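Numbers restart at 1 for each chain; the letters A, B, ... are given by sequence-line order, proteins then strands. Remember, it's a predicted structure, so these values are computed and weren't measured experimentally.
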Amino acid sequence: MRLYVGGLPYQTDEQELREVFGQIGVVTFATVITDRDTGRSKGFGFVEFEDDEQARAAIEQLNGSTLGTRTITVNEARERPAGGRGGYQDRRSQGGYRDRRY
DNA sequence: AATGAGCGA
């Protein structure tokens, strides 16, 4: 289950995400979104847990917590829209996203 | 160098 992690300090990197979320469960994937041109962090990222309940536990425990100076936001990541230039991770059935629109 | 809600090259 992927988690959206927002409100990160601009200095935070995926390594730190792994540390923090790794305290809750097994992190199978973590990334901090950086601006492709400037390389600066956009202040948010994604984390995936090997187990859904760990992810939920992470949401409860880490959402609203503070990382450094900022208060971070943690909740279930949205599904990336299919189609488009391809090159995305496989969108597996995560149930409940069928008609999500935004 | 700086920015501050956001859902990703």
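In this structure, of dG4(B), dT3(B), dG8(B), it is dG4(B) that holds the atom nearest to the side chain of Arg70(A). Side-chain proximity of Lys42(A) to dG4(B), dG6(B), dC7(B): nearest is dG6(B).
Between the side chain of Arg78(A) and the base of dG8(B), no donor-acceptor pair under 3.5 Å is found.
For the 3.5 Å distance criterion, the side chains of Glu50(A) and Gln54(A) qualify, holding a donor opposite an acceptor.
Annotation for Arg2(A) and Arg78(A): closest pair NH2-O, 2.8 Å, computed over non-hydrogen atoms.
Here Glu16(A) pairs with nothing under the side-chain hydrogen bond (donor to acceptor under 3.5 Å, both in side chains) rule; sequence neighbours left out.
In this structure, CZ of Arg40(A) is placed 17 Å from C1' of dG8(B), rounded to the nearest angstrom. For the pair Ile33(A) CD1 and dG4(B) P, the interatomic distance rounds to 20 Å; values are reported in whole Å. Across the protein-nucleic acid pair, Ile72(A) atom CD1 and dC7(B) atom C1' stand 15 Å apart, rounded to whole Å. Atom CD in Glu14(A) sits roughly 13 Å away from atom P in dA9(B) (whole-Å rounding). Rounded to whole Å, atom P of dG8(B) lies 6 Å from atom CZ of Phe44(A).
Near-neighbour residues of DNA chain B inside residues 4-12 of chain A, defined by a heavy atom below 4.0 Å, number-ordered: Tyr4(A), Gly7(A), Leu8(A), Pro9(A), Tyr10(A).
Two residues, Thr34(A) and Gly43(A), neighbour DNA chain B, and the one matched to the more 5' nucleotide by heavy-atom proximity is Gly43(A).
Phe46(A) and Phe29(A) have their aromatic ring centers separated by at least 6.0 angstrom.
At the heavy-atom level, Thr31(A) lies under 4.0 Å from base atoms of the strands shown.
Proximity of Leu3(A) to Ile59(A): side-chain heavy atoms (C-beta onward) are separated by under 4.5 Å at one or more points.
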